[in-house]
Student: 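Before I ask anything, let me first share the structure, which is written out below as C-alpha cells.
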Amino acid sequence: MLEIRQSCENCGKPLPNESSEAMICTYECTYCTDCVENVLYNVCPNCGGGFEKRPTRPKRLLAVHPVRQDLVSHPVTVNKYYKRYKDLDPRQR
Ligand SMILES: [Zn+2]
Ligand SMILES: [Zn+2]
C-alpha cells in the first residue's frame, strides 16, 4: 500500500494527501514538484528513478489507511544518480 508522506523530503514543504504537488518515485520517495523540476531534474537521489504525480487517497479510506504520521526528511546535498540518468528517459533507466 502506498505510503502517503506528508512533506517534501528535501525542502519540507507540506504535501498533504490532497496536494497536487506531491511527486513520488517507485519507492515512494516524496518531493514537491518544485524540487523535482529544479533540484532533482527528475532523478531520484535515492534510487535513480523518475517521478510521477502521487495519487490522492479517497477521503473515506483515510480512517482505515491513514497517511504516514511521522515526517520523513532527507535534504539532498549530492545527487549521485544525476550525471548517470539526467539525459535518460525514466522508462529506459
Ligand atoms: Zn520540495
Ligand atoms: Zn527513489
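Nothing here was measured: the structure is a model prediction, and the numbers come from that model. We count ligands from 1, going down the list as the structure has it; atoms in each ligand are counted the same way.
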Student: Could you check whether any side-chain N or O of Thr56 sits under 3.5 Å from a backbone N or O of Glu18, counting only pairs where one atom can act as donor and the other as acceptor?
Tutor: no
Student: Please examine the side chains of Gln6 and Arg68, heavy atoms only from C-beta on, and report whether any two atoms are closer than 4.5 Å.
Tutor: no
Student: What protein N/O/S atoms lie closer than 2.8 Å to the Zn ion (ligand 1)?
Tutor: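 Near the Zn ion (ligand 1), the protein supplies Cys8 SG, Cys11 SG, Cys32 SG, Cys35 SG.
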Student: Consider side-chain contact (heavy atoms from CB on, under 4.5 Å). Of Cys8, Ser19, Pro14, which one does Cys32 pass it with?
Tutor: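 Looking at Cys8, Ser19, Pro14, the match for Cys32 under the side-chain contact (heavy atoms from CB on, under 4.5 Å) is Cys8.
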Student: Once you measure the plane-to-plane angle for Tyr31 and Phe51, does it fall in the parallel (<30°), tilted (30-60°) or perpendicular (>60°) bin?
Tutor: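 It falls in the perpendicular class, over 60°.
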Student: Carefully, step by step, assess Arg57 and Glu3 under the rule salt bridge (charged side-chain N to carboxylate O under 4.0 Å, His left out).
Tutor: CA-CA 10 Å; Arg57 184 163 299 158; Glu3 196 174 80; over 6 Å; no
Student: Can you see which heavy atom on Val76 is nearest to which on Leu40, and at what distance?
Tutor: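 Val76 and Leu40 have their closest heavy atoms at CG2-CD2, 3.8 Å.
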Student: With a 4.0 Å cut-off on N to O distance, would you call Glu28 and Arg5 a salt bridge?
Tutor: no
Student: With a 3.5 Å distance limit and no angle check, can you tell me whether Arg54 reaches the backbone of Leu2 through a side-chain donor-acceptor pair?
Tutor: no
Student: Quick one: pull up CG in Asn46 and OG1 in Thr26 and give me the separation to the nearest 0.5 Å.
Tutor: 12.5 Å
Student: Protein N/O/S atoms under 2.8 Å of the Zn ion (ligand 2)?
Tutor: Cys25 SG, Cys44 SG, Cys47 SG
